[in-house]
Structures are given as C-alpha cells and as structure tokens.
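Excluded from the calculations below are hydrogen atoms, water molecules and symmetry mates; all remaining heavy atoms, backbone and side chain alike, are included. By convention here, the first residue in the shown sequence is residue 1.
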Amino acid sequence: NDVLEGIKETATAIQTGKVKYLETCKCLIQEMQGYVWDDDAVEDRPVKVNDHACDALRYLCFTLNVTKPKTTPIAW
C-alpha cells in the first residue's frame with residue numbers, strides 16, 4: 001500500500017480517537033517517538049529503521065479504513 005496514505009490514515013485514526021493504544025505498548029510508543037523522515041529523499045518518506053510496530057499499526061488502519069465513513073447497504 002501507499003506508505004504516505006497509510007501514515008495519514010493512521011495519524012487521523014489516532015487524532016480522532018478511532019484507534020487507541022495502551023501505555024503498555026512500549027515498542028510502539030518508542031518507535032513513534034523515534035519516527036523520522038528521510039531528509040535526503042526527493043519526496044516525503046520515513047526512514048525505515050526500527051519501525052515494525054508502526055508498520056503493523058499502519059497496515060491495520062489502512063487495511064480496515066478506520067477513518068472512512070462506513071456505508072450502509074441500501075435495502076430494496
């Protein structure tokens with residue numbers, strides 16, 4: 001999936017409270033605090049170091065579309 005869109009989706013999900021994480025998620029919190037962007041890249045892109053928990057959260061948010069409105073099927 002598109003990394004930047006996934007990061008935006010995850011940030012929105014956290015900011016809006018649709019996704020929450022516990023204080024006990026030490027690895028995730030540590031990775032989020034150390035998340036950095038590649039200054040040498042032509043376009044925005046994160047540095048891919050110590051980001052497994054962040055990647056997992058991004059995959060979850062992006063795959064489930066947690067910030068997108070849920071549609072209700074039309075009954076005919």
Side-chain angles (χ1 to χ4, degrees):
N1 63 22
D2 183 359
V3 174
L4 288 180
E5 286 303 312
I7 291 170
K8 289 176 189 175
E9 175 87 10
T10 304
T12 300
I14 291 170
Q15 290 168 352
T16 60
K18 293 190 178 203
V19 167
K20 298 178 183 180
Y21 52 90
L22 300 173
E23 294 175 2
T24 55
C25 297
K26 303 272 187 217
C27 290
L28 177 62
I29 293 168
Q30 186 176 22
E31 286 181 17
M32 288 177 142
Q33 291 172 341
Y35 210 77
V36 294
W37 295 91
D38 187 347
D39 291 333
D40 297 328
V42 176
E43 46 189 52
D44 286 339
R45 134 177 111 185
V47 174
K48 300 294 294 169
V49 176
N50 298 328
D51 65 345
H52 298 299
C54 288
D55 277 350
L57 181 59
R58 177 172 54 87
Y59 292 142
L60 173 84
C61 292
F62 198 74
T63 301
L64 296 179
N65 293 319
V66 295
T67 63
K68 305 292 187 281
K70 304 296 183 245
T71 58
T72 307
I74 299 172
W76 295 95

K.L.:
Looking at A13 and T67, what are the two nearest heavy atoms and their distance?
P.N.:
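Reported closest heavy-atom pair: N-CG2, 3.5 Å.
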
K.L.:
When clusters are formed from ILVMFWY side-chain contacts under 4.5 Å, directly or step by step, what else is grouped with V49?
P.N.:
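Via sub-4.5 Å side-chain contacts, V49 links to V36, V47.
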
K.L.:
Rounded to the nearest 0.5 Å, how far does OG1 of T10 lie from NZ of K18?
P.N.:
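It is 13.5 Å, given to the nearest 0.5 Å.
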
K.L.:
Mind checking the CG-CD spacing from D2 to E9? Nearest 0.5 Å is all I need.
P.N.:
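Interatomic distance, D2 CG to E9 CD, rounded to 0.5 Å: 11.5 Å.
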
K.L.:
For residues 45-54, pull every pair meeting side-chain hydrogen bond (donor to acceptor under 3.5 Å, both in side chains), keeping only residues two or more places apart or in separate chains.
P.N.:
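Residue pairs passing side-chain hydrogen bond (donor to acceptor under 3.5 Å, both in side chains), neighbours aside: D38-R45, K48-D51, K48-D55.
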
K.L.:
Does C54 offer a backbone N or O that forms a donor-acceptor pair with the side chain of E31 under 3.5 Å?
P.N.:
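It does hold such a pair.
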
K.L.:
How many angstroms lie between atom CD of E43 and atom CH2 of W37, to the nearest 0.5 angstrom?
P.N.:
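Answer rounded to 0.5 Å: 11.0 Å.
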
K.L.:
Would you mind listing the cluster partners of M32? Hydrophobic ones only (ILVMFWY), side-chain contacts under 4.5 Å, chaining allowed.
P.N.:
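Reading the cluster by chain and number, M32 sits alongside I14, V19, Y21, L28, I29, L57, L60, L64, V66.
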
K.L.:
Determine whether V3 and R58 make a side-chain contact, defined as any pair of heavy atoms from C-beta on separated by less than 4.5 Å.
P.N.:
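Heavy-atom side-chain distance check passes, below 4.5 Å.
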
